[in-house]
There are 2 protein chains.
Amino acid sequence: MERQATRAAAGTRAGSAPVTLAQIARQAGVHVSTVSRALSTDEAVRGGVATETAAQIRALAEELGYQRDPAGAALRTGRSRMLGVLVPRLTDIVLATIYEGIDAAAATAGYHTVVANTGDEPELQRRRADALLARRVDGLVLGDARSDCDLVAELAHRRIPLVLVSRRLPGRVSVTTDDVLGGRLAAEHLLGLGHRRVAVVAGERYASTGVERTQGFLDAFAEAGLPVPESHVVPSRFDVPGGRAAAEHLLGLTPRPTAVFAVNDFAAVGVMAAVRDAGLTVGQDVGVVGYNDVPLAAALPVSLTSVRSPMYRMGEVAATTLVNMLDGKPGRSRRLRPTLEARASTLGG
Amino acid sequence: MERQATRAAAGTRAGSAPVTLAQIARQAGVHVSTVSRALSTDEAVRGGVATETAAQIRALAEELGYQRDPAGAALRTGRSRMLGVLVPRLTDIVLATIYEGIDAAAATAGYHTVVANTGDEPELQRRRADALLARRVDGLVLGDARSDCDLVAELAHRRIPLVLVSRRLPGRVSVTTDDVLGGRLAAEHLLGLGHRRVAVVAGERYASTGVERTQGFLDAFAEAGLPVPESHVVPSRFDVPGGRAAAEHLLGLTPRPTAVFAVNDFAAVGVMAAVRDAGLTVGQDVGVVGYNDVPLAAALPVSLTSVRSPMYRMGEVAATTLVNMLDGKPGRSRRLRPTLEARASTLGG
DNA sequence: GACCCGAGGGCAATCGTTTGCATAACCTCG
DNA sequence: CGAGGTTATGCAAACGATTGCCCTCGGGTC
């Protein structure tokens, strides 16, 4: 009664009050618990209701446009059927694509997702994670795991179900691409083209992506008997200015590298800009390889050779893994296979 | 009791059960209702509790790490403190940026947001909107309003509190940039540079953004005594291939336009590609103007002149407007001011 | 000294759903 | 035909927070 009054007072509330189990029960002439069981998605529970009764109730529910109230259900079961997702930035198309995959798979499994930006800052990561947990999400997908801070360990210790995506951390369930292999693919491509003096724009040290892509790349060159000197491997931010700054440094070295591997497409765009600024031609004078193969890569004036990673799929797998863990199944890390897309930035032309 | 059992069974549940009002009440030696009032954000309610008692309770809650259970609160109040957000695609940086603004402002007001992609498809828009409403969001921010379908009218009729963002629709509360003015800015820039024969890549007909930007542009040229012929205004998708296709058509016209206004930066990138493919130089032979000024615009090899729109701010204002409406205040449409960033794609060099 | 007033806080109902247990009807089999 | 089992349904108690109403107590007023 009080509530109805509140409703009426707030002029903008949704019009007709939502249908409840009780209303269906009344119309069907059965008890609300029967309706609840008939509408359950759990086969075992629904089995307790006569097939015919269940069918009638479901038809009636459909007709009345019944939608389960998540608040009631959450209160009783202690589960919200919501997953929290943390990403560095949603405006980064890589993470946005991964998130789309997460959300799609979660929706299929009957979960909604809530996403938050952390800007890759430990302080913000903690605050956002807490906010999501305050919302009582059932689990977390973390797209911003850092090797240099212990938020993940802490969450795991609190027994929060969680899955890492994009970046790995030892001992945690994660879904990533095989970044070591990806780096190797880039190296083999450049080796095949005859490059002998190369450099790496290696990304942030705290991100497994940059570290492992770099490692795979260096391994392959070392195995080919052409170890890349440390001076030719520089850390960087993951964005255009970051790549540009790193490349300006590398292009100043003598002898100048004939190709640069950037562990991220945006950094690679920065590298290309630096190459142009130095009066050189991308693909002719200097080869450039990126990573992720974002749509932009193919659309650039000089199209960018890039290691393609299945970003959307990664998100899907991460979400499915988490949902399985919530059902009590053990979580298992996955590394998806990257492939290389060769384009003008290394082939010339 | 049943619930505890369930908890224990699902091995992956968060460890210690969350603190409840009842626990605080017990420890503080007061009734749970007093705790509820002491912790209320509503000044009037909190006034009912002695200042000192309230302070003690708040301190204790803090110490125990109390976090209000949203399910319990939602069940009682009928409000979830969640906002639904619908966007065409989150991988579109324009919408992603707007969404970041929405989420930030919502968080400040104590709301969480849930976002969903609709791919600009009416069928999907409806399904996603229904899914969000099934989650009992308190209101919707729609970033994908189409003038050619009546979902918005329908939602409004059901008295769902809603605010449009980015795109407008007559008679609805919306927060957009002043797109007519934006188009006019682009036109005045080109007129000032001496362009007399121009063309427009106009975007989708169902989106107010494209329509109004085009209108402002055409108005300004008409007022200058240089009306743009209909043949020089072609609709397009909002992405790179869309802009490219439209531009290929326009560059085939004789006499060829000396400048092209694309109502969206991605379409503008497509235009630039088409110009290059035709063996012409952007900024020399053909001027190009985009819209939104996404970060990429300045980073392109030939930097793109673009009408900058305050995307993040738009999201913030939209969310704040919706929250105010939920508080019973009337909603009011806003049009934010765009500005023009002149760069090499029109200035040359 | 009787009365009123206001402040502070307790009581209990309520939101909608789920689920362990109780019950009733029916079936099967010896 | 009755004991034991199965099947279908009802009952009621939670889950946690909010809020209208009522009670108590202290102080002020006439």
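Throughout, a chain's letter reflects where its sequence line sits, starting with A, and its residues are numbered from 1. These numbers were taken from a predicted model, which means no experiment stands behind them.
Spacing between atom CD of B/Gln67 and atom C1' of D/dC15 amounts to 18 Å, rounded to whole angstrom units. Atom CD1 of B/Ile24 is separated from atom P of C/dG9 by 16 Å (rounded to the nearest Å). Spacing between atom CG of B/Leu21 and atom P of C/dC11 amounts to 16 Å, rounded to whole angstrom units. The distance from atom CZ of B/Arg79 to atom P of D/dA17 is 18 Å, rounded to the nearest whole Å. In this entry the distance linking CZ of B/Arg46 with P of C/dA7 reads 17 Å, nearest Å. Here the P atom of nucleotide C/dG16 and the CG atom of B/Leu75 are 7 Å apart, to the nearest Å. Distance CZ (A/Arg68) to C1' (C/dT19): 14 Å, rounded to an integer number of Å. Rounded to a whole Å, the CG atom of A/Leu39 is 15 Å from the P atom of C/dG16.
Here A/Ser36 lies in heavy-atom contact (under 4.0 Å) with a base.
With sequence neighbours excluded, the residues satisfying side chain to side chain donor-acceptor pair (under 3.5 Å) with A/Thr113 are A/Tyr99, A/Asp103. Remark: A/Arg26 engages no residue in a salt bridge (charged side-chain N to carboxylate O under 4.0 Å, His left out) (not counting sequence neighbours). For the salt bridge (charged side-chain N to carboxylate O under 4.0 Å, His left out) test, no residue two or more places apart in sequence or in another chain qualifies with A/Glu63.
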Sub-3.5 Å pairs of nitrogen or oxygen atoms, protein against nucleotides 23-26 of chain D:
none

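Of the candidates D/dA17, C/dG16, C/dT19, the closest approach to any side-chain atom of A/Asp69 belongs to C/dG16.
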## Note on the structure
The contact string for nucleotides 6-11 of chain D, one letter per nucleotide 5' to 3', using protein heavy atoms under 4.0 Å with B, S and - for base, sugar-phosphate only and none, comes out as --BBBB
### Summary
Pairs under 3.5 Å (Watson-Crick or G-U), crossing ones as [ ], inter-strand ones as |: DNA chain C comes out as ||||||||||||||||||||||||||||||
